[in-house]
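Worksheet: one structure, shown below.
Because the structure is a prediction, the values reported are computed rather than measured. Throughout, a chain's letter reflects where its sequence line sits, starting with A, and its residues are numbered from 1.
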Amino acid sequence: MASAGRRTSVAADMTYDFRAIEARWQSYWDEHETFRAELDPDRPKYYVLDMFPYPSGDGLHVGHPEGYTATDIVARYKRMRGFNVLHPMGWDAFGLPAEQYAIKTGTHPATRTAECIQNFKRQLKMLGFSYDWAREIDTTSPAYVKWTQWIFLQIWGSWYDHTEGRARPIAELPIPPAVAAMGDAEVNRYRDEHRLAYMHDAPVNWCPTLRVVLANEEVAEHVEQGHEVVRRPMRQWMLRITAYAERLLADLDGLEWPASVIEMQRNWIGRSEGAEVEFQVVGIKGEEGTLTVFTTRPDTLFGATYMVLAPEHPLVDQITTDAQRSAVKAYVERTAHRSERERQAEAAEGAKTGAFTGAFARNPVNGREIPIWISDYVLMGYGTGAIMAVPGHDTRDHAFAKAMGLEIVEVVGGGTAPIADEAFVGEGVAVNSGFISGLTTAAAKERMIDHLEREGIGRRRVTYKLRDWLFSRQRYWGEPFPLIHRPDGEVAPVAVDDLPVTLPVIEDFGPSESGEPPLAKAREWVELADGSLRETNTMPQWAGSCWYYLRFMDPRNDGAAFSKEAADYWLPVDLYIGGAEHAVLHLLYARFWHKVLFDLGHVSTVEPFHKLVNQGMILGATYHPITPRRDERGLPVVFLPDQIEAIGGDRFAVKGSGEEVKVQWDKMSKSRGNVINPDDVIREYGADTMRLYEMFMGPLEQSAPWQPEGVSGCYRFLQRVYRLVFDERPEGDVVRELAEGAGSERQRRLLHRTIDQVGERIDRLSFNTAISSMMIFVKELALLDEPIAREVIGAFLILLSPFAPHLAEELWRALGNPKSLALEPWPAVDPALLIEATWTLVVQVGGKKRAELQVPQGAEKDAVIALALAAEDVQRHVGDKTPRRVIYVPGKLVNVVL
RNA sequence: GCGAAGGUGGUGGAAUUGGUAGACACGCUAGACUAAGGAUCUAGUGGCGCGAGCUGUGAGGGUUCGAGUCCCUCCCUUCGCACCA
């Protein structure tokens, strides 16, 4: 008991028995399958989805339920609005923690995962979310893995037809006659090279600590955690996401997503427009000596005074002169051995290193011979791995030219500083540039590209930062690839009827140092009777989350991943809520898979998630001495909330010593010790209070601190609601006498205003202000001091029920309703009741508010102005002066300008 | 450096389109009920001023009868990207 011995809680003297009430309604919903969703073409659908959790060993923290409560409110609201709501939950259960746990303890990851799922599910159930639990899925279950593998085979079985702009079955790939003539093996090879899933032998990001290959997207996160990541050549499975770069970018336009996420995806895809230009290496004739570069500034071609190749560029070896060979070799090796971290640190400083190859190339527009260098500031993975360097108009080239003493030429006029001191990267007018001199940057680009294309030495080109997705992992706890390597080297798919390929039972889950996956050790599993070998890599954790929203539509289908009928009905996801940490990876990968499935005719929307919202973080408190100090072990002194008491305002002191400390709000994390456990909150206040508080804290998208006093405020509100219906007596609570019928006009006006506001605010996901409306309702209802009408309180309970469903159900039943209110219709607003008999007129004199008057509805402009001018508070400021002007805003104000 | 979001009382936050700044809640103050209150209820609560009033939404300027909201300049915070040619 976390709170033993403490009596800080308002709920200590529990006035309504939330424990019994919440347990009762949770089992009622279970037994009656209240939230069961069935496909029904006659009703409008609404698909509201949470980012499903990884069931970690730590269980839920209060951050999880924030998004889940928001979606639950929307789900419950939409049901009452007549929508057929799909609101599912499941488990993204493959992943490193269970595997690390297995390596440490020997417990099979499946066992551990099952335990964690059970705990998560228990916690979610306690919060009363209206999930259709019959649709629960677990990405690690064979029934799910089967279809993850099936989708992989769809991708593997496709190629991208750039002419038609879509993926097509590999069987439809045109085979060039020259390839066909070379026989079946060559045809197969040709096909394999064009598949959307292909094997690639290239340097990959290898993490020696974890013994795993990482996707480019994952490197930063691991480096941040202090893991070393090195480049190392390995044969890996790649997914051809780059084929979709343009569509992934263009289709962002139709989405209702946060600007920041759209922007991050745009940056990640990184489209740039420019041109390819061919340079000829002096002394090497023909294609062999052609260096192609990509530039976004073809207008600066006359200013290209040298070239730079990435150290890994294939031509480096060929063009290096004997005199420079040792220097070049040394630099190439140095680059290969440096970690990503060292390289990035150097980049941040702007320091430039490199080596001269001894070779020269000819600038195709002015014929000048320019030196060819190598440097790691040119990346093999972007563009062509080679650049033309224009030090006058590129900061990096400028720094390199300065460091190496290379020539700097001005070819764009308009800079302020001398070109020798600073590169001018802005737009201007071309100078010293032959046939484009005098043209503005935009025009010069066009003219240059025309020229290059006419001469056949370059072309217009669009490049993307996005790289293909490294899809294989040397891990045990993931989906095995459903592929077989034949003795002749051919790769074959596992037949659909033989899916899923399940994981073998093994003892040692650890990957080897060499990077060989743990599955390779299961010889009996790997080796097939005909001498074929199974693929031993597994898929990354993203695989399961790439399509779980599709499986939810038809989760028990044995014959397909999902039916076409279900997909046509439920897609797209109307509202998707989750953390901002998935802004790029998960959302980009899922969109990619969705588009492949679209191309192959399995889904009929181009995008999976229509509206996306990122919930903010809930921050936890730690307390620090006013002047920081360290304890005897050298660690900073930190106090946790239960060691602290408030001493007025926002000041805090340590209990016992009385030392004043300051509060600090951070993302909750186990290591900081500032985590709030939902179990404790629910035990003390109940799930309804917890849900209400999390929504009342502030806008959903915004981060906010967890303040225990705020929780009790919400609890007090629910108590007041309880007392609207129940009279608390020592011998037991009894239902109050309620007025029959629709209620007094005052009550109905109050109610309808509240109905109007709450509905509109839920639509806007402005839950904190919706709750505020309900608080005002309860307060004003009490002030009316008249018996409350049954219909009024009943309608209010419906408004309350998305937020505090247990209490709403309980009170609904107490009013004599036999059935759950979950499927009651949302009350209709009577517009007539929203119009008051009078409205409040604000009178300003010279823009300052001077009076407030009640004006009858429908009063004429002149009458209102006369009334305003006659008011005493107005007269005092106007006096005998004649107003120069009177502004009249109907229904709002009168402003008298003197 | 580039990009995005944001800066409103002691605190979390309200204020759809320019029209009462600070709703609602916490905290605080006073009172009621009480054996008691850390329960409950009532009232008050941006700052300055006895008051009429003045002042106030990161800073400065502008547009307007009127600006938290629009425009310009700047400062700060958070997040993302960062040798991408």
Sugar-phosphate only, base, or nothing, as touched by A/Glu263 at under 4.0 Å among non-hydrogen atoms: sugar-phosphate
A/Glu728 atom CD, neighbour heavy-atom count above 12 within 6.0 Å: yes
Torsion-based syn/anti label for B/G47, 90° from 0 as limit: anti
With A/Thr840, the side-chain hydrogen bond (donor to acceptor under 3.5 Å, both in side chains) member among A/Gln854, A/Glu852, A/Lys892: A/Gln854
Spacing of A/Leu718 atom CG relative to B/A25 atom P, expressed in whole Å: 13 Å
A/Ile676 and A/Val681, any side-chain heavy atoms less than 4.5 Å apart: yes
Sugar-phosphate, base or nothing in reach of A/Arg761, heavy atoms under 4.0 Å: nothing
Side chains of A/Gln875 and A/Asp873, donor plus acceptor under 3.5 Å: no
Side chains of A/Asp468 and A/Thr242, donor plus acceptor under 3.5 Å: yes
Touch class at under 4.0 angstrom, heavy-atom based, for A/His398 against every strand present: nothing
Below 4.0 Å: OP1/OP2 of B/G13 and any side-chain N or O of A/Thr769: no
Sugar-phosphate, base or nothing in reach of A/Arg850, heavy atoms under 4.0 Å: sugar-phosphate
Under 4.0 angstrom between A/Arg720 side-chain N/O and B/U40 OP1 or OP2: no
Sugar-phosphate only, base, or nothing, as touched by A/Arg764 at under 4.0 Å among non-hydrogen atoms: base
Gap in Å between the two P atoms, one belonging to B/G80 and one to B/U73, rounded: 27 Å
Test item: side-chain donor near acceptor, A/Thr769 and A/Ser766, under 3.5 Å: yes
Beyond-backbone contact of A/Tyr715 with A/Phe18, side-chain heavy atoms, under 4.5 angstrom: yes
Sugar-phosphate only, base, or nothing, as touched by A/Asp397 at under 4.0 Å among non-hydrogen atoms: nothing
Donor on one side chain, acceptor on other, A/Asp733 and A/Tyr722, under 3.5 Å: yes
C1'-based separation of B/G22 from B/G13 [nearest Å]: 9 Å
Sugar-phosphate only, base, or nothing, as touched by A/Gln844 at under 4.0 Å among non-hydrogen atoms: base
Distance-only side-chain donor-acceptor flag, A/Tyr382 / A/Ser272, under 3.5 Å: yes
Distance, rounded to the nearest Å, where A/Leu585 contributes CG and B/C81 contributes P: 9 Å
Point-to-point distance, once rounded to the nearest 0.5 Å, from NZ of A/Lys352 to OH of A/Tyr377: 7.0 Å
B/A25 phosphate, OP1 or OP2, under 4.0 Å from A/Lys779 side-chain N/O: yes
Side-chain N,O (A/Arg716) to OP1/OP2 (B/G27) below 4.0 Å: yes
Sugar-phosphate, base or nothing in reach of A/Pro258, heavy atoms under 4.0 Å: nothing
Sugar-phosphate only, base, or nothing, as touched by A/Ile776 at under 4.0 Å among non-hydrogen atoms: sugar-phosphate
Side-chain N,O (A/Asn768) to OP1/OP2 (B/A14) below 4.0 Å: yes
Distance below 4.0 Å between A/Arg266 side-chain N/O and B/A4 OP1 or OP2: no
Watson-Crick or G-U wobble partner of B/U77, both distances under 3.5 Å: B/A5
Out of B/A5, B/A85, B/G13, whichever nucleotide has its closest atom nearest the side chain of A/Gln702: B/G13
Touch class at under 4.0 angstrom, heavy-atom based, for A/Ser773 against every strand present: nothing
Base paired to B/A43 (Watson-Crick or G-U; both N/O distances under 3.5 angstrom): B/U29
Touch class at under 4.0 angstrom, heavy-atom based, for A/Ser703 against every strand present: sugar-phosphate
Quiz item: A/Lys352 side-chain donor-acceptor pair to B/C83 base, under 3.5 Å: yes
Sugar-phosphate only, base, or nothing, as touched by A/Val886 at under 4.0 Å among non-hydrogen atoms: nothing
Between B/G68 and B/C81 - P atom distance, rounded Å: 37 Å
Interface residues of residues 385-394 of chain A with RNA chain B (non-hydrogen, below 4.0 angstrom): A/Ile387
Any A/Lys892 side-chain nitrogen or oxygen under 4.0 Å from OP1 or OP2 of B/G18: no
Integer-rounded Å distance: B/U77 P and A/Gln664 CD: 15 Å
Donor-acceptor pair under 3.5 Å, A/Asn267 side chain vs B/C81 base: no
Sugar-phosphate only, base, or nothing, as touched by A/Gly270 at under 4.0 Å among non-hydrogen atoms: nothing
